[in-house]
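Down below is the structure, laid out as structure tokens.
Reminder, nothing fancy here: chain letters follow the sequence lines and each chain counts from 1. Remember, predicted model here, so these are calculated numbers, not experimental data.
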There are 2 protein chains.
Amino acid sequence: MSIEEVIADALKLVTPDEEERERGKRAERTLRSRLDKVLEGTDISYEFVGSYARDTWLRGSLEIDVFLLFPLSYPTEELEKKGLEIGIEVVDEHELRYAAHPYVHGKVEGVEVDVVPCYRIGDASEIRTAVDRTPLHHRWLKDRIKGKENDVRLLKGFLKAGGIYGAEYRVKGFSGYLCELLIVFYGSFLETVRAGRNLRRDTVIDVKAGKSYRQRGNEKLLVIDPVDERRNVAANLSVDNLARFVQRCRAFLTSPSIDFFRCVDAEVSLQEIERELERRYVYCLKTARPDIVEDNLYTQLERGERKVFEHLQRLGFSPLRSASFADEENCYILVEVAVRELSPVTRRMGPVFEDEKNVERFLRKCRSRNQNPFIEDGRFWVYAERDVRLAGEAIKRFAGREWRAFGKNLGECVKNGFEVLEGKSVTECRNAFELAKFLGLISDTGV
Amino acid sequence: MSIEEVIADALKLVTPDEEERERGKRAERTLRSRLDKVLEGTDISYEFVGSYARDTWLRGSLEIDVFLLFPLSYPTEELEKKGLEIGIEVVDEHELRYAAHPYVHGKVEGVEVDVVPCYRIGDASEIRTAVDRTPLHHRWLKDRIKGKENDVRLLKGFLKAGGIYGAEYRVKGFSGYLCELLIVFYGSFLETVRAGRNLRRDTVIDVKAGKSYRQRGNEKLLVIDPVDERRNVAANLSVDNLARFVQRCRAFLTSPSIDFFRCVDAEVSLQEIERELERRYVYCLKTARPDIVEDNLYTQLERGERKVFEHLQRLGFSPLRSASFADEENCYILVEVAVRELSPVTRRMGPVFEDEKNVERFLRKCRSRNQNPFIEDGRFWVYAERDVRLAGEAIKRFAGREWRAFGKNLGECVKNGFEVLEGKSVTECRNAFELAKFLGLISDTGV
């Protein structure tokens, strides 16, 4: 199949059907009439923004974003309070969510709706809260994206199937806004993919100026926001996910296939996972999931993961790789090491021989412990019994003593209790996909 | 006991008795008469040099050094040939030895004698071979050391009991000439020890100028030869043996004792050695001793030791320390590691994602091997089975394949056969003292 044929086929997968569109329109009508009523006689207006407003949402991901625009005269607290009141009034089954400030998530006619209060501003210089930028984004894109809606959908579908769609901390992938800017910049899905194969860490894309270039010392893709040149739209995209995107573009161009738009669960045999876990040195620190927003959780989880890794490295267990994830109830930090068991002895560093005072102190200590020092490279050393010989033991001790290293909320959870799973029992984390990726049983290159 | 009393006692240990002196004189007389006869009517003269000539030899180490002085007109080959002929004629039971060039070692009236040919020169600028310097050393010291002979002996005895007397590669300690220069420079044994406690790597001793100072960037003790300012008399003294000397001086000044002049074998229990060998990860590479001069052997042995250490380090076995030594028949390289066994898997590095051509090549290789790559820090990686999991196995493979790393002659021996001892069987090297030092069962700080 030619690449054009594949794209034509893919369109069916990413474009909403009539029923979904109808549901959207019905919800929009209801929502508008409720908003018109509630806002009548106030100085607050509203605006439909985001992928629904621009007709760029991915099939099956219908969600309506409405922004309430407050005059700059409102104090922030007033805006927040009033915003929530209005939101709650116009949606069914509401719940509160948090971004820069709290907003209302709910349903209207069975469709997911976000109602977000913000300030009505003219340009980026007036921005007060992070969400104020969204209406500006909408206005910038609105006309420019016309006629290219399905290209945006193709790109989103292409990324989603590769696990790199979404700017949230858990994913660190491409935001919807970034997708639309790329389509505007390159002109179509196919052109985006063709350019994508050559993207680099040091690439700069200046959407507004219509040019891209390489910049020495630039360490991650920079996509300058056309409404705010200080902002990198790709700030949350990790280097590794950029790499996965680039590789995915190359693979798609070489062997186009509809599979690049299908979220297929990799086939992983649990037996194979268990076999690997039994012969390799893999550990899993398991603790309760703190009740905090996801981005916050994943920041702490990643930090904890790094601290465990560094601790094992310091002690000489030569960690190979680490990973972390959470399910509804628990958080998991995975780590594989090259060394399961260390020698009973280690060497401790003493002073250089010239430093008579500290040499004296060091030797006195050695004598009191019945240890025999030696000299190497002009420095005193001594053999000492190692505190912890097993990698699993080292993780347990670290988590037990250094629970603060896991961040505010996750740290509390670790303090209250954790387990270190080892060998086959690591499967208790019940995430075969993450385990298979971690063990290298399935590819993790975006393809 | 006061330090002066200890020194008075020590004198009895380091000064030769009448019988030894008499033996020396008798041998000297015989040797002189033989030399006078052989050299009669030639343009070759002779000179008694070294510790015998200056009356500074350590009790029990009587050895006479005679240098044959040839005019500069002799070609080197002629000097060597003639030198050996004369040497053979004047000693009994001769054997050939090698320094800068071959010389004769033998006995006269039961006393060890070296007969070394060299050129008769006026100063260091005329030096042709390394040994030409020796008569200059003798002439410089001869009068300056007068009255301080026993201080030289005390220093030699003090160093010998600490295992750091001798400039040969096996010892890397203080040469006899260096000892005499230090006594001339500091004035006495006690003053040398008092100054010794403060010696540093960056100390420079300018004997001729009568001053010492510190010099930035100087990485080992520099003692400028008074007869040749380009030469460091302490060139062969290792930093670690300087450190041992410094520590020995401090210890002696703090608690003076006759034991600092006694070569006492440390008491080591074989049981204790075996217990340590059983619980720690110690390996011993054993191979035949090549028939080469000692300095050459120890250079190769040290090089081989370093190569084994670096190889283990590269593979991830975290070596702690290594050592090497030889007995009459065999050479031994000892190495202790922190890691006995490594994980069955390791990670192999691939290209950065931007490098499309090499990424393609890397992925093709992974596919053909049924391996699943992953991306980390913008680079491709893959898990691979580790070649060697055990430290002992790694040493065996290295010695089997890379025998050339052990140097010309030792390498040949390794090529012809070696063993890697492990655990208790390491005691097969039959050197309890080296093992005890290596394992930290006795101190190795010069005290």
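The part of B:V337 that comes within reach of chain A is its backbone (N, CA, C, O), which places non-hydrogen atoms under 4.5 angstrom from that chain. Within the 4.5 angstrom heavy-atom criterion, atoms from both the backbone and the side chain of A:E354 approach chain B. With a threshold of 4.5 angstrom between heavy atoms, A:R244 approaches chain B through its backbone and through its side chain. Contacts between B:V345 and chain A at a heavy-atom distance below 4.5 Å involve backbone atoms as well as side-chain atoms. Proximity to chain A is limited to the side chain of B:F380, based on heavy atoms less than 4.5 angstrom apart. Both the backbone and the side chain of B:R197 come within contact range of chain A, judged by heavy atoms closer than 4.5 Å. For chain A, the nearby part of B:N198 is the side chain; its heavy atoms alone come within less than 4.5 Å. For B:E356, the parts sitting under 4.5 Å from any heavy atom of chain A are the backbone and the side chain alike.
Proximity of the aromatic rings of B:F252 and B:F260 is defined here by a centroid distance below 6.0 angstrom, and this criterion is met.
With respect to B:R306 and B:E310, a salt bridge is recorded, a charged nitrogen being found less than 4.0 Å from a carboxylate O. Taking the charged nitrogens against the carboxylate oxygens, B:E422 and B:R280 have no contact shorter than 4.0 Å, which rules out a salt bridge. For the pair B:E302 and B:K172, the salt-bridge criterion is met [side-chain N within less than 4.0 Å of a carboxylate O]. A salt bridge links B:E376 with B:R347; the closest basic N to acidic carboxylate O contact falls under 4.0 Å. In this structure, A:R389 pairs ionically with A:E341, as a charged nitrogen and a carboxylate oxygen lie closer than 4.0 Å.
In this structure, the side chains of B:E360 and B:R364 come closer than 4.5 Å at one or more pairs of heavy atoms. Between A:S318 and A:Q313 the shortest side-chain heavy-atom distance does not fall below 4.5 Å.
Once rounded to the nearest 0.5 Å, the distance linking CG of A:L312 with OH of A:Y281 reads 14.5 Å.
Among the residues in residues 433-447 of chain B, those with a non-hydrogen atom closer than 4.5 angstrom to a non-hydrogen atom of chain A are B:F438, B:L439, B:G440, B:L441, B:I442, B:S443, B:D444, B:T445.
Here A:I375 is the residue among A:L320, A:V239, A:I375 with the most heavy-atom pairs under 4.5 Å with chain B. In terms of non-hydrogen atom pairs under 4.5 Å with chain A, the most contact-rich of B:V339, B:T346, B:V382 is B:V339. Ranked by heavy-atom pairs under 4.5 Å with chain B, the first of A:R340, A:E336, A:R379 is A:E336. Counting heavy-atom pairs closer than 4.5 Å to chain B, the top-ranked of the candidates A:R250, A:K220, A:R386, A:R279 is A:R250.
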Take A:N358 and A:V352 through the side chain to side chain contact (heavy atoms under 4.5 Å, CB included) test and state the conclusion after the steps. CA-CA 8 Å; A:N358 282 310; A:V352 294; over 6 Å; no

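Looking at B:I395, B:L342, B:V335, B:L390 one by one, the single match for side-chain contact (heavy atoms from CB on, under 4.5 Å) with B:F317 turns out to be B:L342.
Atom CD of B:E385 has more than 12 heavy atoms from other residues, nucleotides or ligands within 6.0 Å.
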